[in-house]
Amino acid sequence: MIDPVSIPQLNKHFRLQWEEAQDCFVLLYPEGMVKLNESAGLILSCVDGVKTVEAIIAELSERFPQVEGIALDIEEFMTTASAQHWVAFS
Amino acid sequence: MTSPPATSPPLWLLAELTYRCPLQCPYCSNPVELASAGTELNTDDWFRVMQQARKMGAAQLGFSGGEPLVRQDLELLVAEARRLGFYSNLITSGVGLTGDRVGALREAGLDHIQISFQSTDSDISELLSGSRKAFAHKLAMAEAVKSAGYPMVLNFVLHRHNIDQIEQIIDLSHQLGADYVELANAQYHGWALLNRDDLMPTKEQLDRAEKITNAWREAHPDGMRLFFVVPDYYEERPKPCMNGWAKMFLAIAPDGLALPCHSARSLPLDFPNVRDHDISAIWNDSAAFNAYRGFDWMQEPCRSCPEKEQDFGGCRCQAFALTGDASQADPVCTKSDQRNQIDAALTAANCHNAVSATMQYRSWSASQNIIASTP
């Protein structure tokens, strides 16, 4: 369970970067790269070590009002991102 | 006229800055003919290569060698890599590294330093690397890398003479605070192929090491990540080498030769040089880079094999080294009629124990002798 008031922060061993040639966000780490799908890229690019999960949900809900169940998508992604050690929560 | 891109872009650029190295590991992946390479690319050549590859979409950049630290312009190359948006990896023995240089490279924007170890004790280290002091220095540098805030990746090349130290290797990595540990058996190309009978672990050794590695992973689900790589000779199907020929990986040798993998110099192909062509032309249009793309080049049993899209017929360098024909199936595959060569090598390895007097250490003069004795 992800606590909505917790603050996700990108693991300092990963770098999030927009890649023009691949037309997507990628996560770069030692000798490896994860290509992120559009929603994962969008969510991770909101992770700045300041905003809470709640605030990220509010921000993306406002930007994409037509997307149903966006809060659940974000929580699910945060769970995955945590399991992959891409983000940690404080 | 420009032709349409033949395939996906190179995502991985390996810059082999030099073949010079203070160590002499007998499993080195450099070609045994390294002494025949031309002069090293200069700083501007490397800048140009990085710019062209980055423009095509390369995101990962490895600085390797030889020992890349012998290049005095390494910090400049790192800074340019950072400016271009590469994630940069320094793949080093740690020899030539100092606390100051760790800091300077960090300052220049280096993302990661991988230090390779020969073993967990200085005796085996010395036997394999030819240096008495290297081991203690590597330990000190691993600590410096960690405290500078880099992700810590350690690499142990495994073979018969150190694979039984697997517990100590894992313990040492854990004590040093590693994030990732590559427990990578030597792959039998280059110098390692020359010394195969002396290096290949036995089946029992391999099984034991894998079991201990798995047990550690289970006991530490959130601990450092252990990557265990077996020698492909013990597999029944070949590895999907480089994820397919010239599909995502581009290596540039110290003298500017462009290669689809760092072993490919051994193949009888006319590889283009970055001094003569730009990366896009090399990647998309050169005969050498197109030689084994797709499936049309395959012979049986690969051509009609339902698994060809998983393993791409295996490794071209291994096929050439063991069968004399780079378009044959990788003989690791049990469907290959040349599999008996792999089995014979394993039989030889399994009844061979001490380090023999015939072990050939990697050095410039050994390479010159090999070149001179090649008809």
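Here the structure is a predicted model, which is why all the values come from computation and not from measurement. Each chain gets a letter, A, B and so on, in the order its sequence line appears, and its residues count up from 1.
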- Which one of A:Q22, A:H85, A:K12, A:E31 has the most heavy-atom pairs closer than 4.5 Å to chain B? A:E31

Is the count of non-hydrogen atoms from other residues, nucleotides or ligands lying under 6.0 Å from [X] atom [atom1] greater than 12?
X	atom1	result
B:H174	NE2	no
A:E59	CD	yes
B:K55	NZ	no

- Query: Between B:N89 and A:P30, which heavy-atom pair has the shortest distance, and what is it?
  - Reply: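 So the minimum-distance heavy-atom pair works out to OD1-CA, 3.6 Å.
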
- Query: Shortest non-hydrogen contact from B:M56 to A:A21?
  - Reply: O-CB, 3.9 Å

- Item | Side chain B:Q60, main chain A:Y29, donor-acceptor under 3.5 Å |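 At least one qualifying donor-acceptor pair exists.
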
- Item | Ion pair B:R54/A:E19, N-O distance below 4.0 Å |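 Judged by the 4.0 Å cut-off on N to carboxylate O distance, B:R54 and A:E19 do form a salt bridge.
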
- Under 4.5 Å from a heavy atom of chain B, the part of A:E20 involved: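 Contact with chain B involves no heavy atom of A:E20 at all.
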
- B:Y87 portion near chain A, given a 4.5 angstrom heavy-atom threshold: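 The answer is both parts of B:Y87.
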
